[in-house]
Undergrad: 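Can you read through this structure? Questions will come right after.
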Amino acid sequence: MKTTTKLFITAGLVSICAATSASPSSNVAWTVETHRLVKGADAGIGAKLETVETEDVNACIDCHGVAGAEPDRDKHPTLAGQVAAYTFKQLRDYKDGKRRNRRMQEAVERLSNEQLAALSAWYAEQPIPEVEFDPDDTVSEDTLKLVFVGDKTRMIQPCASCHGSRGQGAIIDVPAIAGQNVKYFVNTMRDYTEDKRTNDVYSRMRIIARALTRDEIKELAVYYAGLGGRQGGSGLIQALIDGSAFIKK
Ligand code: HEC
Ligand code: HEC
């Protein structure tokens with residue numbers, strides 16, 4: 001009797017998965033235990049872990065900089081100021097092979113869930129950093145509309161509705177995208193469009209990324225990079241947030 005029930009459930013799961021994709025996009029479920037693990041993590045342990053290197057694997061700081069704020073190359077993401085639950089989910093996704101990148105998969109292979117949570121807590125404690133970007137880059141009014149209004153004709157929800165009005169991220173695991181490197185931002189959006197990054201639950205980002213043009217993605221990356229280090233205050237900051245500091249004259 002027990003076996004029959006189990007078989008039935010398995011068959012049900014397989015058909016649900018087949019309807020969306022071959023397997024679930026992530027194994028991370030936001031259960032009470034997972035929340036506790038991430039919320040209760042010790043950032044001090046994370047601070048130590050980010051400097052640890054082994055014979056064949058570099059330390060996190062070698063690629064992401066101290067406290068995730070100064071990536072050594074601009075294709076490496078900024079981690080400082082990131083929402084802890086998002087970082088934890090990504091680290092688990094790499095470990096589970098749900099997000100593919102050889103260097104990252106090697107970096108997290110030996111780490112326990114507790115250690116991944118400690119690293120996530122450490123990065124979340126840092127301020128969102130200022131990042132370098134080309135001051136000649138501008139953002140058009142149409143692109144700003146995508147941020148705050150979206151585009152119903154293409155079923156694009158405004159970025160700010162999920163990522164926050166200042167790109168600071170949101171619960172549970174919606175990432176901060178303010179202060180992100182332009183090149184990494186563009187690369188990861190391309191990976192979503194080409195199905196190379198498929199760990200976004202319900203394909204939320206794949207659907208949006210596919211609906212955007214390359215120029216729009218580049219301008220969105222520049223806009224969000226410009227919000228780095230400018231998470232509070234008014235005046236210039238407001239101009240950056242509402243986009244008037246960027247709009248092409
Ligand atoms: C050899 C260089 C290298 C090392 C060492 C490394 N990373 Fe990474 N990391 C990368 C690259 C490159 C990416 C982007 C990969 C991709 O596009 O999926 C990345 C992505 C990430 C992401 C996803 C960021 C996001 O915004 O989605 C996190 C989190 C992260 N790394 C944390 C760590 C931690 C923690 C360590 C140490 C345990 C570490 N990394 C070690 C190169 C590295
Ligand atoms: C329906 C909610 C939602 C909307 C709307 C949305 N996003 Fe996202 N976005 C997410 C979630 C959730 C993730 C993380 C997915 C995962 O777990 O990998 C994400 C991830 C991203 C990432 C990758 C971040 C990183 O560090 O790797 C970028 C870049 C991004 N979004 C940009 C945008 C832009 C630009 C827009 C507007 C055009 C937008 N998003 C609209 C929910 C949303």
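Counting starts at 1 for both ligands and their atoms, in listed order.
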Undergrad: Name the residue from Leu37, Ile45, Leu119, Asp42 that meets the side chain to side chain contact (heavy atoms under 4.5 Å, CB included) definition with Glu114.
TA: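 When side chain to side chain contact (heavy atoms under 4.5 Å, CB included) is applied between Glu114 and each of Leu37, Ile45, Leu119, Asp42, only Leu37 qualifies.
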
Undergrad: In terms of residue, atom name and distance, what is the protein heavy atom nearest to atom 31 (N) of ligand 2?
TA: His163 NE2, 3.0 Å

Undergrad: Counting heavy atoms only, which part of Glu50 comes closer than 4.0 Å to ligand 1: side chain, backbone, both or neither?
TA: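 No part of Glu50 comes within reach of ligand 1.
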
Undergrad: Counting both backbone and side chain atoms, is some N or O of Arg197 under 3.5 Å from an N or O of ligand 1?
TA: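 No, there is no polar N/O contact under 3.5 Å.
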
Undergrad: May I ask you to decide if the ring planes of Tyr224 and Phe185 are parallel, tilted or perpendicular, using 30° and 60° as cut-offs?
TA: parallel

Undergrad: Which residue and non-hydrogen atom of the protein lie closest to atom 24 (C) of ligand 2, and at what distance in Å?
TA: Tyr86 OH, 3.8 Å

Undergrad: Check whether any N or O atom of Tyr94, backbone or side chain, sits under 3.5 Å from an N or O atom of ligand 1, and answer yes or no.
TA: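 Yes, at least one N or O pair falls under 3.5 Å.
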
Undergrad: In ligand 1, which numbered atoms sit nearer than 4.0 Å to a non-hydrogen atom of Arg103?
TA: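 Under 4.0 Å from Arg103, ligand 1 has these atoms: 1 (C).
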
Undergrad: Just which atoms of ligand 1 are under 4.0 Å from any heavy atom in Ala59?
TA: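 That gives atoms 5 (C) of ligand 1.
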
Undergrad: For ligand 1, which part of Leu79 has a heavy atom less than 4.0 Å away: the side chain, the backbone, both, or neither?
TA: side chain

Undergrad: Report whether any nitrogen, oxygen or sulfur of Cys162 sits less than 2.8 Å from atom 8 (Fe) of ligand 2 (N, O or S, backbone or side chain).
TA: no

Undergrad: State, with a plain yes or no, whether a side-chain heavy atom of Arg206 is found less than 4.5 Å away from one of Thr193.
TA: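 No, too far: nothing below the 4.5 Å cut-off.
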
Undergrad: With heavy atoms under 4.0 Å as the rule, classify the contact between Cys60 and ligand 1 as side chain, backbone, both or neither.
TA: both

Undergrad: Considering non-hydrogen atoms of the protein only, which is the closest contact for atom 17 (O) of ligand 2, and what is the distance?
TA: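 Answer for atom 17 (O) of ligand 2: Lys89 NZ, 2.7 Å.
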
Undergrad: Can you list the ligand 1 atoms lying under 4.0 Å from a non-hydrogen atom of Thr87?
TA: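 Near Thr87, the atoms of ligand 1 are 29 (C).
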
